[in-house]
Amino acid sequence: MNMRVHLIAAARPNFMKVAPLWHALRAAEDFTPVLVHTGQHYDANMSGDVLADLGLPEPDHHLGVGGGSHAEQTGRVMIAYEKIAEAERPDWIVVVGDVNSTLAAALVGAKLRIPVVHLEAGLRSRDRDMPEEINRLATDVVADVLWTPSPDADANLIAEGIPPARITRVGNIMLDSFEMVRSRIEAEGVPEGLGLGGQPFAIVTLHRPSNVDRSGPLTGLVDALVAVQMKLPIVFPVHPRTAGRLDEFGLRDRLVDAGVRLIEPLPYIRFMCLVRGAAVAITDSGGIQEETTYLGIPCLTLRENTERPITVEQGTNRLVRADTLVGELERALVGTVAPVRPEYWDGRTSLRCVQDLRVRAVNLK
Ligand code: UD1
């Protein structure tokens with residue numbers, strides 16, 4: 001029997017989760033992966049170049065939904081994907097992460113009674129001001145199979161009443177992507193190209209609406225980054241949302257004048273080369289909290305909470321605010337605690353996913 005698996009990819013952080021699974025399914029004789037790109041992210045450096053870095057082909061289906069409000073994005077994905085899912089009736093639909101397209105495709109699958117698997121299930125920030133938290137909660141309720149990265153995620157699902165038989169802990173698949181292209185990451189010389197060869201530097205990313213969408217919080221963060229730049233050169237690949245806000249609020253020059261290296265978003269391999277070479281990461285991204293824990297690099301997360309508490313408890317992550325950033329930076333740079341890599345964060349998650357699908361397919365018969 002050959003099972004067709006729709007893999008739904010939408011936004012930049014999804015591609016690193018989908019790619020290892022696509023490759024593992026492709027290598028297996030009993031599966032055929034079908035890549036569905038919703039088009040939530042569309043710039044070359046947010047989408048096409050990242051797919052290419054990870055050895056993914058042109059998507060089998062491209063829904064081209066683009067930007068818009070939450071309802072517009074979610075609705076457009078549902079309308080477009082329903083037609084494809086109905087016509088093809090795949091054996092499985094795998095959705096990843098917590099973006100609007102994740103929830104949209106999960107709802108479509110659930111209504112069509114096609115088994116839905118959520119990869120990266122069970123994460124909770126318990127902060128419903130974060131749109132991703134709503135997507136996580138709703139996706140996990142409708143998904144048939146919950147693939148979790150860590151024990152806290154299992155516990156969250158069980159506390160919400162999800163039957164344990166629906167949960168499989170597979171580990172953190174993003175790190176499979178890292179291992180898949182590690183040699184190419186190590187061969188890149190991005191810091192050197194920025195005049196930072198052999199020097200300590202900080203990598204910064206910011207894109208959460210709560211940090212960047214209003215002038216007050218973003219101004220506070222820009223001022224804190226200027227203070228950091230006095231101690232350590234910053235490289236800041238600027239997400240399109242943040243680029244728009246820096247211009248709107250007239251804050252870009254403050255960073256440039258202080259010497260912060262503002263650059264375009266980078267494809268995966270060049271970006272991970274920067275992370276790997278950095279003395280510290282300062283971010284509000286979910287994925288970077290995990291990648292830095294894996295690499296043993298200190299991470300200062302500019303958020304009030306995290307859906308990835310294991311990166312704080314076992315890894316290198318610390319939650320900070322604009323007004324505590326410089327003090328925490330100093331502490332992080334002299335850090336003495338040896339971080340631990342969580343169980344199953346080992347580059348072999350995609351293989352556990354494929355095996356779980358096989359076992360569950362037998363039980364479905
Ligand atoms: C989305 C996800 C977020 C994820 C982030 C990673 C949701 C609710 N949010 O947020 O969880 O962490 O992706 O990047 O799904 N834009 C471009 N080019 C692109 C993509 C976006 O210019 O390739 C612009 C959009 O037009 C929009 C802004 O950037 O103006 C935000 O894009 P959007 O996809 O709505 O949300 P993100 O902030 O990227």
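We count ligands from 1, going down the list as the structure has it; atoms in each ligand are counted the same way.
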Could you tell me the residue and atom name of the protein heavy atom closest to atom 9 (N) of ligand 1, and the distance to it rounded to 0.1 Å?
Glu132 OE2, 3.4 Å

Regarding ligand 1, does Arg241 bring an N or O atom to under 3.5 Å of one of the ligand's N or O atoms?
yes

Charged N to carboxylate O below 4.0 Å: is that the case for Asp91 and Arg4?
no

For Arg348, I'd like to know if atom CZ has over 12 heavy atoms of other residues, nucleotides or ligands within 6.0 Å.
no

Any nitrogen or oxygen of His207, main chain or side chain, under 3.5 Å from a nitrogen or oxygen of ligand 1?
yes

Write out the residue and atom name of the closest protein heavy atom to atom 2 (C) of ligand 1, then the distance separating them to 0.1 Å.
Val99 CG1, 3.6 Å

At what distance is the nearest protein heavy atom to atom 8 (C) of ligand 1, and which residue and atom is it?
Asn100 OD1, 3.3 Å

Report yes or no: does a heavy atom of Ser47 sit under 4.0 Å from some atom of ligand 1?
no

Is it the side chain, the backbone, both or neither of Met46 that has a heavy atom closer than 4.0 Å to ligand 1?
side chain

Heteroatom proximity flag, His70 to ligand 1, N/O under 3.5 Å
no

Atoms in ligand 1 with a heavy atom of Pro13 nearer than 4.0 Å:
6 (C)

Can you tell me the protein heavy atom closest to atom 24 (C) of ligand 1 and the distance?
Tyr42 OH, 3.7 Å

Measure centre to centre between the rings of Phe15 and His37, then say whether the value is under 6.0 Å.
yes

Would you call Glu160 and Arg124 a salt bridge, taking side-chain N to carboxylate O under 4.0 Å as the test?
yes

